[in-house]
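One structure below.
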Amino acid sequence: MVAWERQIEERSVPAWRDKYVKYGKLKRMLEQLKVKKNEEAQMISAMHLALSDGTSSPQLPSPGTNLEAGLLDENQERMRQEFMEAVHAELRRVSAWYDDAATALESRVRDLTSALGSSAGAAGLKPSGEHLTEEIDRLHLEAAQLNEYVLLNVEALRKIVKKMDKMCGTSEQKDFVEKHLKRSAFACMSDPKHPLSGQRAKDCRKALEECLSPERIQELRCKALNTRHGAKPGKEGIKRRRAVACALIALAVVPASARWLPGKPRAQRCVGLVIFTVAMWISEAAPFEGTALMVPPLAVLLDLLPGDKLAQGHLILSSVFTDSLYLVLCGFVISSVFTRCQLECRTAALLQRRLGDRPFAFMLAVMFLGLLLSALLSNVTAPLLIVEVLKPLLRDMPTDSRYSRALLMGLAFSCNIGGMVTPISSPQNIASLTILEQHGGHLRWDQWLSMSLPFCTVAILLGWALLLVVHRFDASPEEAARMTAHRGHVAQVVLPKVVFDREDITLGKALSLASACAVLGAFAYRPAAVAFGGTPVVAMFYIAVALATGLVSRQTFNSYSWHLLFLIGGGSALGFVVSSSGLLEVITHFAKKGLSNEPFTLVAELALVLVGATTFVSHTVAALVFMPLVVKLGASAGVQELAVLVCSLSCSVAFALPLK
């Protein structure tokens, strides 16, 4: 996505999202203009060669510069006019909405200032009612947002015309600004030096601020600035009431656990730690990684491990930083390399060129793209990248388009399924393998892929078929009305071209892409990894090479999701504590009474339990909590690796609810 389109996306007011200039649509029109220009130039050049090959007849006009220039100028002028008509239509649409919004805001500000009174003392006005204070906040924020609306749209229109001038060698920008922008509703002649600065919205803010104290003005301006940049204070802070409730629940459970854990004080205290940690995760009383990092110090304070405090500290910290964390970090580096080569944008553009006139085949291709990128990058990163590519396509469709809903649902399904493909595709896979290795087990990449690839392929096809059925009956009332108007048929969906700032694949980028693929191959082919000392050593070596050679910058490295590493590390520590304290043995003893003794039936029952649990809680949290039990029960039945593999896939396959 182009830089200015990203600016509009990030700085726009969500409630006004469809009121802004459709910059992406105009950019694609400009790209099409460029393509047509090149095609016609090539066609005329071919005609020139055909006429000058020595066989031209006297009746044919001699091919010269005037003929060629005339044909090109005529077609370019027609295309430029079509583009400028679209720009003018966008200007009329957004300026008309701004005029209506500014008029309504001015009326509300006048009414409010009249109610407050025209005079304010040196100490400032103190509104007597809470509703007045709230109304001042709303109007001041809306005025700031309208001012930003003007600046964003004016600059977007000016930039897109400037791009056309640069592409076509014209000089339309100055004429457009003087004759159209400055005569639109955006302009305000009361400030002739800066007529396009959103003066009407500024006047509304000024009228409100005249009734307030300087301290209150500064507070409102800070609030407007925070809202503009998407700040949401307090969202990540610890929620004290929930945290206190979680602690009280844990304290209440510990005495009760003495009844069924007699003579095992460590296991009793471990129950309290597990209850507190799980309750904090489920209630989201604190960020997941913050709760996970509480586990090691609490385990030492509660004396849950053998040895003195110093020995316990060494033990618990060694369980946090495991081999799997190096694989996760290597996955981040590989993701950066693929993104640097614009892998997702190039693939989406290729799919659009091949399947743009077959929307349902394109949907299936996007689902497989989500599967592939989730396997190569992660199922957290992949959907973010693909959505950025698809946004311009979706914006050109009606807001109630059932195809756009089906496409996004297909992407969500495929990325969840893609989280099953490799051991490092999702956090729950990594957490499961970490816990398995703590208990002496091991799953090779080839073992994992031999089961995940067929399963995921079938799951994608079934999901696509289900979406086709749902799409048939998912028409909104407005879309149904359009179908009726077209005698029961809606025009075929034709997907617009994927436009992005394409960069050349240099030799350095090609080598980086090849090296990333080689590392993935080493992960999958065990003898290659063993030659280097194992997959963690391969991961560390590639990270070191990427940083040393500049494949990944320091800024990019610092921007990785370090919170995910600490979440997995804290969950690994929790599993280690549950095992070392003796609690896992007790839980396994009770679980065996309610589960089958037959190995494959046991695996099926555990998978159903995991699917049910992860439907309502985080996939990663469920893996961290349940996987120690799965490993222990699987080992007792002789199917430890199979149980972990199937239950890991079960964690990812549970996406019945949208917020998963």
Side-chain angles (χ1 to χ4, degrees), residues 1-2 5-6 8-10 12-29 31-32 86 90 93 344-345 347-371 373-374 379 382-418 460 463-486 488-500 655 657-660:
M1 185 165 55
V2 296
E5 189 176 0
R6 184 178 292 112
I8 296 175
E9 180 71 24
E10 293 175 352
S12 61
V13 180
W16 303 348
R17 190 62 53 82
D18 59 339
K19 311 301 181 186
Y20 291 80
V21 168
K22 294 181 179 179
Y23 188 86
K25 181 179 180 180
L26 295 176
K27 179 69 186 300
R28 285 190 295 279
M29 289 184 65
E31 187 72 19
Q32 291 168 1
E90 282 295 289
R93 182 179 66 84
E344 75 286 352
C345 296
T347 307
L350 175 64
L351 295 179
Q352 191 280 332
R353 286 197 301 271
R354 301 294 185 185
L355 305 171
D357 57 345
R358 290 179 285 169
F360 295 110
F362 178 80
M363 183 192 301
L364 178 61
V366 167
M367 292 178 70
F368 274 108
L369 176 61
L371 178 77
L373 292 182
S374 294
N379 69 340
L384 299 177
L385 295 176
I386 300 176
V387 164
E388 289 300 313
V389 177
L390 294 181
K391 274 182 182 178
L393 281 68
L394 299 174
R395 287 198 192 99
D396 288 351
M397 299 180 188
T399 55
D400 60 346
S401 169
R402 54 180 172 170
Y403 179 78
S404 61
R405 289 195 297 273
L407 184 62
L408 289 175
M409 288 181 66
L411 176 61
F413 290 170
S414 66
C415 289
N416 270 287
I417 296 170
I460 289 288
W464 178 63
L466 178 62
L467 286 172
L468 294 184
V469 175
V470 172
H471 176 272
R472 184 177 181 84
F473 303 100
D474 191 37
S476 65
E478 293 79 7
E479 194 168 13
R482 291 197 297 270
M483 291 176 63
T484 303
H486 288 81
H489 300 281
V490 178
Q492 175 74 20
V493 177
V494 179
L495 300 170
K497 185 177 180 180
V498 175
V499 177
F500 62 99
F655 47 86
L657 300 179
L659 297 177
K660 294 305 296 166

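Quantities reported herein were computed from a predicted structural model and do not represent experimental measurements.
Scanning for ring pair (Phe, Tyr, Trp, His ring centres under 6.0 Å) contacts around Phe413 gives Phe655, with sequence neighbours left out.
When all heavy atoms of Met363 and Ala406 are compared, the pair lying nearest together is CE-CB, 3.7 Å. Nearest heavy-atom pair across Leu26 and Glu90 is CD1-CG, 4.2 Å. Here the closest non-hydrogen pair linking Cys415 and Ser374 is CA-OG, 3.4 Å. The shortest non-hydrogen separation linking Ser414 to Gly370 is OG-CA, 3.8 Å.
Under the 4.5 Å side-chain criterion, counting only non-hydrogen atoms from C-beta, Ile460 is in contact with Leu364. A 4.5 Å side-chain heavy-atom check between Tyr20 and Val13 finds at least one atom pair inside the cut-off. Looking only at side-chain heavy atoms (C-beta outward), Val470 and Met409 stay at 4.5 Å or farther from each other.
Distance check, rounded to the nearest 0.5 Å: CZ of Phe368 to CH2 of Trp464 gives 9.5 Å. The distance from atom CG of Leu411 to atom CG of Leu371, rounded to the nearest 0.5 Å, is 11.5 Å.
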